[in-house]
Amino acid sequence: MEEILQKILGEYRENEGNIISILQDIEKAFGFIPEETVTWFSKKLDIPASRFFGTATFYSQFHLKPRGKNIITVCRGTACHVKGSEKLLNRLFLELDIPPDEETSTDSKFTIEKVNCIGACGIAPVTILNKEVLGKMTLDNLMKEVKKIKARE
Amino acid sequence: MDKDILIKVCTGTGGVASGSKEVLETFKGTISSAGIAASFSERCSAQRVGCRGFCAQDVLVDVIINGEKTTYKHVKPDMVGKIFTEHILNGTPVAEWIVDKDYHTFHQKQTKVVLSHCGEIDPEDIHAYRAVDGYKAAKMALTSMSSQEIVNIVKNSNLRGRGGAGFPTGLKWELGLRIASDIKYVICNGDEGDPGAFMDRSVMEGDPHAVIEGMIICAKATESHHGYIYVRAEYPLAVKRLQMAIEQCYEAGFLGKNTFGSGFDFDLKIFQGAGAFVCGEATALMRSIEGKRGMPTPKLWRSAEKGLWDRPTVLNNVETFANIPRIILRGADWFMRLGTERSGGTKVISLSGKVKNTGLIEVPLGVTLREIVYEIGGGIEGGKSFKALQTGGPSGGCIPEELLDTEVDYESLALAGSIMGSGGMVVLDETSCMVNTAKFFLEFTQSESCGKCTPCRIGTKRMLEILERITTGRGKEGDLELLEELGHYIRATSLCGLGMTAPNPVLSTLRYFRDEYEQHIRNKKCPAAVCRDLITYSILEAVCTGCGACKRVCPADAIRGVRKKPHRINTELCVKCGTCFDACKFKAITKV
């Protein structure tokens, strides 16, 4: 871990980075922002940890808890909403056994996320399964995709 | 040898999601396969191009032989072989896969200025951009024009900010030029956060060099030497292509020290956003680049005086910058004449929702909304009837049928109770509930409110609570008046544009669709049958064939019945997900 953090620190110094770029690098390396990485940087740079957490909680790209192995993102843009993305989302929560007010399933295999709009409104409703953008999604096809992932697990 | 056979495959985000990468690879593989003579292969070139707009018919492929263009729609990798042998080798196009009337009516009323390169050139290749007069305008501006001359042309062109507010670009630049400072910044706002809008994404992905060229010209006009492109995190492809374009420019000497050999220095960097809608607001965006929470600051000074790190800053939207090279090359007059009296040029619009032809379009300002929905959009999908046109995203409003003859322009859309905004238009049909739509937008602005000022933080929350009450059947008399009162206060007292426009979706639907709200409150009914708590699903016994399709898909196990006998829904178990409604082939399930 120390090694990765040193590398991020090096890049920060080299490119005149800021808190956001550090957090982006941490998120990229670990998949979320572990608390100890923040304290590490806070000490090295003499910036209060509260400033890191304040920034991390402000932007939706940063996560303070580890996320599931598979990430399913449902677009909640206007066009997707009009074409029934809420239905897809509700069904996913039902299907994957995710506790209320949580995003990640109890077995840490799935995380369901909402995104405001990925700008592919012409092929709404859109879902992203582990970074693959799938357009014109139907309940049927989505359940098929979920089953495929479940079978792999 | 000249490549006289060109194959162009759309690789925008929409195209990629529809499988364009595989289609392009298959074409490339076919060209270089063993069965094709080497002399023939050399004449062929298969290339990626940016978004061509008509996403509903993706993957679109152009085959151009000796300048004659044929366009195919819905192309899949397994169709490539036939197109190649019949059309490219033997000269007979595959008639049944060629685009039809819809494709042509979709393009008829459009005028492409900003999008003229999208879908025509390879966005990852600077040479392709230079072959269509790219960087000619920047070279002219840097080597043979004064800053004031550039400002004058932009002023005379009547170009107004395409981010939504419509501030005259030339004036902004003039202010930026007049203020003296050793460090000034030029920022391109690519934080296209409005849900339902994807114009800027398509331009950044399809023609990244045009944006950069516009910024170089702006840098010269305002005598700034540092630039940032702020791109939102949700657009990875745009970031990748802009990054490539910037690197190509540094190599070619268009960016960096002594650009175009003119002695002028300009450095350009990308800053990737981290997912916050409010960062589309200029002051919040600048705080974000500074590495802070993206919270707006009171506008005591114009950004042109004190912006990024308190230095003079000129900030424009992606589409605004992409217009600049064309204005410099073709003149202010040409651009001004394209639009209306008060604003010149065209507007790129993303058309989506319940319309037949969804996609990206570009129209001269002054076209009517009716032309957009019925001519370019081809009317409503599936024979349903039109209900409203939502423009301007969460800051905009809904426009009803009777106002469809409104012209697309900053002033006339504001008069109709909406805004031009960044140019997203979403068509709603009879199956959309207007109260639910208003709630949808308020949920969005409420959760994206940065929390700094009270009217926005608390006011939108209270409005949302009232809307939640109404859509779950707990609405009461006086709620509508309360919504209006709150809306007006929030509008008048919020710190930034997010709060000032947040009540718009509610106020405009209250203005035009008040009866729908009243039905929710008085009769506890949702006329469009959308609000979950106000509808019940049931099976028409006379129509049900007992096929069991609904029973199989029900996630709550709420449907009972014996095969070939009418089934029944247990309303206590039913979670109202609507899965059975979509699964029934006999229309035996009703929702009221």
Side-chain angles (χ1 to χ4, degrees), chain A residues 12 15-24 27 47 51-52 54-62 73 75-88 90-95 114-124 126-128 131-140 143, chain B residues 13-14 16-18 53-56 58 192-198 200-202 233-235 271-277 279 288-295 350-354 358-360 390 393-394 424 426-428 432 437 440-441 444 448 450 553 555-556 575 577-579 582-583:
Chain A
Y12 163 85
N15 302 326
E16 300 162 40
N18 58 38
I19 291 185
I20 295 181
S21 62
I22 291 178
L23 290 171
Q24 277 170 336
E27 176 87 25
I47 298 173
R51 281 202 45 211
F52 283 91
T55 312
T57 49
F58 186 84
Y59 295 98
S60 65
Q61 208 193 13
F62 303 126
T73 314
C75 181
R76 292 289 288 132
T78 321
C80 291
H81 173 74
V82 169
K83 295 222 169 163
S85 67
E86 198 170 14
K87 242 189 218 172
L88 300 176
N90 289 338
R91 184 62 187 273
L92 279 175
F93 278 109
L94 225 97
E95 196 72 31
K114 292 187 247 181
V115 60
N116 286 336
C117 183
I118 62 152
C121 316
I123 49 169
V126 182
T127 52
I128 308 171
K131 292 200 173 158
E132 192 190 351
V133 180
L134 300 170
K136 295 185 184 165
M137 188 46 85
T138 60
L139 262 181
D140 246 14
M143 287 307 119
Chain B
T13 295
V16 172
S18 306
F54 204 174
C55 308
D58 265 333
E192 184 174 51
D194 277 8
F198 55 100
D200 295 348
R201 176 182 64 71
S202 300
E234 289 84 349
Y235 289 173
F271 188 91
Q272 227 178 310
F277 173 68
C279 288
S288 182
I289 296 183
E290 293 167 2
K292 300 178 185 148
R293 286 165 71 99
M295 304 225 279
S350 58
L351 186 62
S352 60
K354 303 289 184 66
T358 54
L360 193 71
Q390 207 287 329
V426 183
V427 178
L428 307 174
S432 310
T437 308
F440 166 78
F441 283 119
F444 176 81
E448 290 296 333
C450 77
V553 295
V575 291
C577 67
T579 313
D582 295 334

Where do Pro555(B) and Arg91(A) come nearest, in terms of heavy atoms and distance? CB-NE, 3.5 Å

Look at the side chain of Lys136(A) and the backbone N and O of Ala56(B), then say whether any donor-acceptor pair between them is shorter than 3.5 Å. yes

Select, from Gly294(B), Gly193(B), Ser18(B), the one with the greatest count of heavy-atom pairs under 4.5 Å involving chain A. Gly294(B)

Residue among Cys121(A), Gly77(A), Gly54(A) with most heavy-atom pairs under 4.5 Å to chain B: Cys121(A)

Region of Thr57(A) that comes under 4.5 Å of a non-hydrogen atom in chain B: side chain

Answer yes or no: is there a donor N or O on one side and an acceptor on the other, between the side chain of Gln24(A) and the main chain of Gly273(B), under 3.5 Å? yes

Any donor-acceptor N/O pair, Asn18(A) side chain to Lys292(B) backbone, under 3.5 Å: no

Counting distance only, does the side-chain N/O of Gln390(B) pair as donor-acceptor with the main-chain N or O of Leu428(B) below 3.5 Å? no

In terms of heavy-atom pairs under 4.5 Å with chain B, which of Gly135(A), Ser60(A), Ala56(A), Gly84(A) leads? Ser60(A)

Looking only at heavy atoms, the pair that brings Val427(B) and Val82(A) closest together is O-CG1, 4.2 Å

Quick check against the 3.5 Å criterion: does Lys114(A) have a side-chain atom that pairs as donor or acceptor with the backbone of Thr73(A)? no

Please look at Asp58(B) and chain A and tell me whether the side chain, the backbone, both or neither of the residue comes under 4.5 angstrom of a heavy atom of that chain. neither

So what's closer than 4.5 Å to chain A heavy atoms on Leu360(B): side chain, backbone, both or neither? neither

Smallest heavy-atom separation, Phe198(B) atom then Gly119(A) atom, equals CB-O, 3.1 Å

Proximal component of Ser202(B), with respect to chain A [non-hydrogen, under 4.5 Å]: neither

Using heavy-atom distances under 4.5 Å, tell me whether Cys279(B) contacts chain A through its side chain, its backbone, both, or neither. side chain

For Phe54(B), is it the side chain, the backbone, both, or neither that has a heavy atom closer than 4.5 Å to a heavy atom of chain A? neither

So which part of Arg293(B) gets closer than 4.5 Å to some heavy atom of chain A, the side chain, the backbone, both or neither? both

How long is the gap from CZ on Phe277(B) to SG on Cys117(A), to the nearest 0.5 Å? 10.5 Å

Partners meeting side chain to side chain contact (heavy atoms under 4.5 Å, CB included) with Val133(A) (sequence neighbours left out): Ile118(A), Val126(A), Ile128(A), Ala17(B)

Below 4.5 Å, heavy-atom pairs only: which of Ser350(B), Ser288(B), Cys55(B), Gly14(B) has the largest tally toward chain A? Ser288(B)

Part of Gln272(B) lying under 4.5 Å from any heavy atom of chain A: both

By a 4.5 Å heavy-atom criterion (distance strictly below it), what part of Val16(B) contacts chain A: side chain, backbone, both, or neither? neither

If we define contacts as heavy-atom pairs under 4.5 Å, which of Gly393(B), Ala274(B), Ala276(B) has the most with chain A? Ala274(B)

Measuring heavy-atom distances to chain B, does Asn116(A) have an atom under 4.5 Å in its side chain, in its backbone, in both, or in neither? both

